[in-house]
Amino acid sequence: MDMTLAGIKALFDAKGGRQYSGEPVSQLEHALQSAQLAEQAGAGAELITASLLHDLGHMSNDMGETPTLHGIDDRHQFHGVSALKGLFPEAVLTPIRLHVDAKRYLCAVDPAYWASLSDDSKRSLELQGGAFSAEQAAKFIAQPFARDAVELRRWDDLAKAAGKTTPDFAHYEQTMRACALRM
Ligand code: FE
């Protein structure tokens, strides 16, 4: 089934209230906080949309809450992108696809980064293959949209603040509309 903007809304309505793996926010709050941080940083509609939807794969491919506790990598970055293919351009899809590798990249190039990760992010990092080597990191960052994925990752890591006020989902529906390839 092809995803639509209405389908995205329906997915958040159905599953957005769930707790975001081991963090004090729901999936919806995490998505809105990520998008808000992108917007406040002056990102364009594509990267704000990618930030809003980067964890859609946790909801579209439902493996329950905190799969890392069971030693499972849900590979949500790929499920999210396959759900959104055709609806958004690569400037949205690729940062989503790369946001997990961006964590592996940041662990390789920024010594303080690993220590700043939450317990669940550290646990999933190991399931996702651990920090990149210097060679892997160089190869990663040379890809198109890799720098956007790294920015998204920084917002993702910060978007876990309990009770933070954000714009509502309707606000970001406008942003999604601005860069969607179809409705
Ligand atoms: Fe996230």
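Atoms considered below: every heavy atom in the structure, side chains included; atoms not considered: hydrogens, waters and symmetry mates.
Residues H99 and H76 place their aromatic rings such that the two centres sit under 6.0 Å apart. Between Y105 and F132, the distance separating the two ring centers is not shorter than 6.0 angstrom.
Minimum interatomic distance between C107 and A131 (heavy atoms only, all atoms of both residues): CB-CB, 3.6 Å. Across D148 and P95, no two heavy atoms sit closer than the pair CB-CG, 3.8 Å. Contact detail for Q33 and K164: the closest heavy-atom pair is NE2-CB, 3.6 Å.
The pair R153-D157 meets the salt-bridge criterion, with a side-chain N (NZ, NE, NH1 or NH2) lying under 4.0 Å from an Asp/Glu carboxylate O.
Q27 and K15 share no donor-acceptor pair across their side chains, judged by distance under 3.5 Å alone. With hydrogens and angles left out, the side-chain atoms of K9 and T4 include no donor and acceptor closer than 3.5 Å. At a cut-off of 3.5 Å, with distance as the only test, a side-chain donor of E23 or S118 sits close to an acceptor on the other residue.
For the side chain to side chain contact (heavy atoms under 4.5 Å, CB included) criterion with Y172, the lone passing option out of T166, L52, L53 is L52.
In this structure the side chain of S121 reaches within 4.5 angstrom of the side chain of K160, judged on heavy atoms. Counting heavy atoms from C-beta on, the side chains of L152 and L98 never come closer than 4.5 Å. Side-chain contact check for E90 versus P144: every heavy-atom pair is 4.5 Å or farther apart. A heavy-atom distance below 4.5 Å is not found between the side chains of E173 and L5. Using a 4.5 Å heavy-atom threshold, the side chains of S51 and L37 count as separate. Side-chain atoms of Q143 and D101, non-hydrogen and from C-beta on, never get closer than 4.5 Å to each other. You'll find the side chain of V150 stays beyond 4.5 Å of the side chain of F145, heavy atoms only. Taking 4.5 Å as the limit, every side-chain heavy atom of F12 sits out of range of all side-chain heavy atoms of L32.
Under the 4.5 Å side-chain heavy-atom criterion for Ile, Leu, Val, Met, Phe, Trp and Tyr, W155 and L93 are members of distinct hydrophobic clusters.
No side-chain donor-acceptor contact under 3.5 Å links H54 to the backbone of I96.
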